[in-house]
Amino acid sequence: MCRHLFSVILLLLLSGCTLTPDYERPELDVPESYVQPADAGASIANLEWWSLFSDAQLQYLIRTALAENRDLRASLQRIREARSFLTFTRANQYPFIDGSASVSRERPSKILFPGSETSNNYSLSADLSFEVDLWGKLRRATQAAQSDLLATEAAYRTVTISLVANVASVYFLLRDLDGRLQISRDTVKSRTESLKIIQARFDKGTVPELDVNQAEIELAIAEAAVSAFERETVQTENALQFLLGRNPGPIQRGLLLEQQVMPSDIPVGLPSELLQRRPDLVEAEERLIAETARIGVAEALRYPSLGLTGSLGLLSDDFSDLTDSDAKTWNIAGGLFAPIFNSGQLKAQAEGQRARTEQAMAAYESALLQAFREVEDSLIAIRTYDAEHAARLRQARAARNAARLSRARYDGGVVDYLEVLDSERSLFNADLEQSVTMRQYLNSVIELYKALGGGWNPAS
């Protein structure tokens, strides 16, 4: 009978039966190419981040953030946690062996047990317990934990890529604010000189007081812009220091905004590459794999479970006899547990797990759609911001010449001061806008790099 019992157990162990099929990637709506014109060659995402940025100071800031950022550090510790939980879960597939030793001395009541004597008991044993994985419950739990670990590792890569992109974007914003602050200060200086000239002319009675008031208004506008950009500059420095894991303080600058160089060719590869390239998609799929495996765990709980226990030890009432062969003691037992009636609890648990799996599936599909959207948005942003910046440069050159001519015409008494005001406002706004559009172009390249999952090698 024992031989037959162990033969059946061994057969069940070797058969490795499970109640649910293995995970297969669902059919996904992956386009063959992007809508926006793009080079399908080797993706820009294959570039390491230090190859993307030419500014040595920006590279230093990114390296500092990768070493010191608190969110990244927390994400790394979540990997350690997931790895420990995987080891913990996998251990349930194997036997547990525990050792125990005990010493006791007792004397029963002689009133209740006349003639009883004091006795000693010494024991030493090794205890074995093992759950036979009849329906793949333990294996599915291990698969779920394994996928959770892989998802956590992918989440760490997502945080890493986002951190690199955020540091670069905030740094470019800082350089943009530096440029706009300098433009505003230069404008304050020129408008202060202009106000002095107009005030002197008013004092001589050659121009109306309205010209003085309008010059004062334009000067105040530029002075307000200086204050606003000074405030935003310090706040942006503090935001960048936070990403670096440091207390608020000034940031050392590198190249000017217009000196930043991005790759001249920006290939994006094929849309299907995003499935392996973007870590957030890898994470979403691993979450789906984990939830799919947990269906097998939930279904297995509805079927009988088989547990084996065994013990081998020594027991004696005299310590000197503990090593005697007659002191040996052992036992082996098998227990079968089968749920019979639980008011549909286990069935509901399995149905709930299937619903969670459907949620994970929807989240995976949504993440995929979001990935394609971000790539398309970045492609159109790169093309249009590049063209917009070129137009802003032409606008600034024309506005500068117009302001010079208007000032000459006003000094010659040909036009009133309103024409000068209009041309100088146009110049001020054009200079500010060309700086903004330059930053937006650089940011659009960063966003494309991030959207493509750049910065790490899927093969590794």
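When reading the values below, keep in mind they use all heavy atoms of this one structure, side chains included, and skip hydrogens, waters and symmetry mates.
- Shown are E291, E358, R294; of these, the side-chain hydrogen bond (donor to acceptor under 3.5 Å, both in side chains) with Q353 is made only by E291.
- For the pair L368/L275, a side-chain contact is recorded, criterion being any heavy-atom separation below 4.5 Å from C-beta on.
- Sorted by first and then second residue, the pairs that involve residues 417-431 and meet salt bridge (charged side-chain N to carboxylate O under 4.0 Å, His left out), not counting sequence neighbours, are E218-R425, R400-D431, R407-E424, R409-E419, D422-R425.
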Requested in this report: Go through the steps to decide whether Q345 and Q349 satisfy the test side chain to side chain donor-acceptor pair (under 3.5 Å), and finish with yes or no.
Outcome: CA-CA 6 Å; Q345 183 186 61; Q349 182 176 345; over 6 Å; no

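- Between Y303 and W135, the ring planes lie tilted relative to each other; the angle falls in the 30° to 60° range.
- With hydrogens and angles disregarded, no donor-acceptor distance shorter than 3.5 Å links the side chain of Q440 to the backbone of Y385.
- Salt bridge E68/R73: present, at least one basic N to carboxylate O contact under 4.0 Å.
- With hydrogens and angles left out, the side-chain atoms of Q434 and Q395 include no donor and acceptor closer than 3.5 Å.
- By the 4.0 Å N-to-carboxylate-O rule, R356 lies too far from E351 to be salt-bridged with it.
- Y410 and Y417 have tilted rings, their planes meeting at an angle from 30° to 60° on a 0 to 90° scale.
- Salt-bridge formation is not detected for the pair E283/R278: no Lys NZ or Arg NE/NH1/NH2 atom is positioned less than 4.0 Å from an Asp or Glu carboxylate oxygen.
- Formation of a donor-acceptor pair under 3.5 Å by the S147 side chain with backbone atoms of A144 is not found in this model.
- Between D411 and R201 a salt bridge is recorded (basic side-chain N to carboxylate O distance below 4.0 Å).
- Side-chain contact, N92 with R139: no donor N or O sits under 3.5 Å from an acceptor N or O.
- Ion pairing of D148 with R287 is present here, as a side-chain N (NZ or NE/NH1/NH2) and a carboxylate O approach within less than 4.0 Å.
- Counting heavy atoms from C-beta outward, E153 and Y156 have side chains that stay 4.5 Å or more apart.
- For the 3.5 Å distance criterion, the side chains of Q199 and D203 qualify, holding a donor opposite an acceptor.
- Judged by distance alone, with hydrogens and angles left aside, the side-chain atoms of T87 form a donor-acceptor pair with the main-chain N or O of R83 at under 3.5 Å.
- Judged by distance alone, with hydrogens and angles left aside, the side-chain atoms of Y449 form a donor-acceptor pair with the main-chain N or O of L47 at under 3.5 Å.
- Other residues, nucleotides and ligands contribute over 12 non-hydrogen atoms within 6.0 Å of the OH atom of Y23.
- Put simply, CG on L66 and CH2 on W49 are 6.0 Å apart, with the number rounded to the nearest 0.5 Å.
- Taking F96 as the reference, nothing meets the ring pair (Phe, Tyr, Trp, His ring centres under 6.0 Å) condition, with sequence neighbours excluded.
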**Report entry** Worked verdict on Q182 versus D186 for side chain to side chain donor-acceptor pair (under 3.5 Å)
**Finding:** CA-CA 6 Å; Q182 188 59 50; D186 292 342; 2.9 Å; yes

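- Side-chain N/O atoms of D55 and Y171 include a donor and acceptor closer than 3.5 Å.
- In this model, no donor atom of one side chain and acceptor atom of the other lie less than 3.5 Å apart for E81 and Q77.
- Of the listed residues (K137, R354, K347), just one forms a salt bridge (Lys or Arg N to Asp or Glu O under 4.0 Å) with E299, and that residue is R354.
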Query raised in the report: Stepwise, does the side chain to side chain contact (heavy atoms under 4.5 Å, CB included) test hold for L86 with R90?
Result: CA-CA 6 Å; L86 172 59; R90 183 190 288 126; 3.6 Å; yes

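- For Q252, the CD atom is loosely surrounded, since the number of other residues' heavy atoms within 6.0 Å does not exceed 12.
- Geometrically, R383 does not engage Y441 in a cation-pi contact defined by less than 6.0 Å to the ring centre and at most 45° from the axis.
- At a threshold of 4.5 Å between non-hydrogen side-chain atoms, the residues V164 and S162 do not count as touching.
- S305 and E131 are not linked by any side-chain donor-acceptor pair at a separation below 3.5 angstrom, with hydrogens and angles left out of the test.
- For the atom pair CG (L427) and CD1 (I183), the distance works out to 9.0 Å, reported to the nearest 0.5 Å.
- Between R180 and D176 there is a salt bridge, since at least one side-chain N of the basic residue sits less than 4.0 Å from a carboxylate O of the acidic one.
- Under the 3.5 Å distance criterion, with hydrogens and angles disregarded, no donor-acceptor pair is assigned to the side chains of N429 and E433.
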